[in-house]
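FYI, side chains are in, hydrogens and waters are out, and symmetry mates aren't considered; it's all heavy atoms of this structure.
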Amino acid sequence: MMELQNLQAGYPGRTVLEGINLEFRPGEVLAVLGPNGCGKSTLLRTACGLLARSGGEVRLDGVSITRFSAKEIAQKVAYLPQSRSVPSITAGRMVLHGRFPHLSYPRRYRREDHEMVRRALDWVGAGELASRLLPELSGGQRQKVYLAMALAQDTAAVLMDEPTTYLDVSCQLEVMALARRLAEEGRAVVMVLHDLTLALRYAHRAVLLSGGRVCQVGTPQQLYEGPNLEQVMGVCLGRVETPEGLRYFYK
C-alpha cells in the first residue's frame, strides 16, 4: 500500500499541494478528480518520486520512499504520464521497456522478459499488435500497449494520468474496464480523470482536490450525494439504475 502523509509539493516558488493525506489501496481503483490546476498530475508525479516533496512523506508498504532507489521505486510503482512520445518501434519492444527496472545494465532480455511481454499484451487484448509500429496504431491501441507495459513492469501500484484523454467512447470504456481488472488482480490503481461519469462508474473510491488540498475522499455514492462535487467542479450530475448498475450522467 502507498500512503501520502501530510504531503506538500510543487515547483520553485509555487506550492501546489499542501497537507495531502491519502492511501492507495491494493485491489482498488482510486479516481483523482478536480478542476484544472488543482494538483492532480503533481500528486501522481510526487507519489512515484518523479517530483521532490517539500514536506510530508510518501510511504511504500510502511517504508519511506526516500529509502528506495529510483530503480527500486520503479519495481513497485508504474507511472503512465498523460502524454508521451511515440517512437518508431514495435508495440512488443515498447512493452519490453516495462522490464527495465528488473534488468541490470547493459540490458539483456531473458526468456521470462519476453514471456511477460507476450502475456501482458494478451491480457489487454493486444496480442496481435506485438509486431506493429507504434505510429501506425490508433490512440486506443497505443493506450492498450502502454497499459501492457505497466503490467509487464509487474508493480503493486499503477498510476495513470488521464489515460482516457483523446480516446473515443468505446476505447475509454475499454481502458476503464482494464483498470478494474488490474485492481481485481490486487494492484492499487490510481487514475487522474476529467470525465466524472466514468470516474463514478468505475472507481471504488475517489478523491476530490480543490486548491491543492483534499476536499473529500469517499465512494462514488458519497461524492455524488454530497455538495462538494458540484461546488468544486461546477457541474450537476444525475444517475439512473440499469441492469449493469448505476450510471451517471451530466444534467
message = Do the side chains of K76 and E72 get close enough for a salt bridge, i.e. N-O under 4.0 angstrom?
response = no
ask   = Do R187 and D154 have side chains that get closer than 4.5 Å, going by heavy atoms?
value = yes
ask   = Is the closest side-chain heavy-atom distance between L43 and L7 below 4.5 Å?
value = yes
request  = Specify the closest pair of heavy atoms between R213 and I20, including all atoms of both residues, with the distance to one decimal.
outcome  = CA-CD1, 4.0 Å
request  = Only counting residues at least two apart or in another chain, list the ones meeting ring pair (Phe, Tyr, Trp, His ring centres under 6.0 Å) with Y224.
outcome  = Y248
query = Quick one: does L33's side chain get under 4.5 Å of L229's, heavy atoms only?
reply = yes
ask   = Where is the tightest heavy-atom contact between L167 and Q172, given as atom of each residue plus distance?
value = O-NE2, 2.8 Å
ask   = Backbone N or O of L209 within a donor-acceptor pair of the K40 side chain at under 3.5 Å?
value = no
query = What pairs with H97 under ring pair (Phe, Tyr, Trp, His ring centres under 6.0 Å), at least two apart in sequence or on another chain?
reply = F100
message = Check whether E230 reaches the backbone of C236 with its side chain - one donor and one acceptor, N or O, closer than 3.5 Å.
response = no
task = Give the minimum heavy-atom separation between D161 and S41, together with the two atoms involved.
result = OD2-OG, 2.6 Å
message = Could you tell me if the side chain of L22 sits less than 4.5 Å from the side chain of L30, heavy atoms only?
response = yes
Any side-chain heavy-atom pair of R110 and H102 under 4.5 Å = yes
inquiry  = How close do Q222 and Q216 get, counting heavy atoms only, and between which atoms?
reply    = O-NE2, 3.4 Å
note = Residues pairing under salt bridge (charged side-chain N to carboxylate O under 4.0 Å, His left out) where one sits in residues 48-58, two or more places apart or in two chains, turn out to be E57-R59
message = Contact between M233 and P35 at the side-chain level, heavy atoms closer than 4.5 Å - yes or no?
response = yes
ask   = Below 4.0 angstrom, N of the basic side chain to O of the carboxylate: do E225 and R239 qualify?
value = yes
inquiry  = Closer than 4.0 angstrom, basic N to acidic O: yes or no for K144 and E174?
reply    = yes
task = Might you point out which heavy atoms bring L137 and R142 nearest each other, and give the distance in Å?
result = O-NH1, 2.8 Å
inquiry  = I'd like to check L198 versus L173 (side-chain heavy atoms, cut-off strictly below 4.5 Å). Are they in contact?
reply    = yes
Report all side-chain donor-acceptor pairs from residues 177-184 shorter than 3.5 Å, counting only partners two or more places apart or in another chain.
{"residue": "R180", "atom": "NH1", "partner": "Y202", "partner atom": "O", "Å": "2.6"}
{"residue": "R180", "atom": "NH2", "partner": "H204", "partner atom": "NE2", "Å": "3.4"}
{"residue": "R181", "atom": "NH1", "partner": "W123", "partner atom": "O", "Å": "2.9"}
{"residue": "R181", "atom": "NH2", "partner": "W123", "partner atom": "O", "Å": "3.3"}

task = Provide the closest heavy-atom pair for A152 versus A120 in the form atom of the first, atom of the second, distance.
result = N-CB, 4.1 Å
inquiry  = With heavy-atom distances below 4.5 Å as the criterion, would you say the side chains of L237 and Y250 are in contact?
reply    = yes
Can you give each donor-acceptor pair under 3.5 Å made by side-chain atoms of residues 44-51, sequence neighbours left out, with the distance rounded to 0.1 Å?
{"residue": "T46", "atom": "OG1", "partner": "T42", "partner atom": "O", "Å": "2.7"}

query = Got a donor-acceptor contact below 3.5 angstrom from the N21 side chain to the N6 backbone?
reply = yes
Y109: partners by ring pair (Phe, Tyr, Trp, His ring centres under 6.0 Å), with sequence neighbours left out = H114
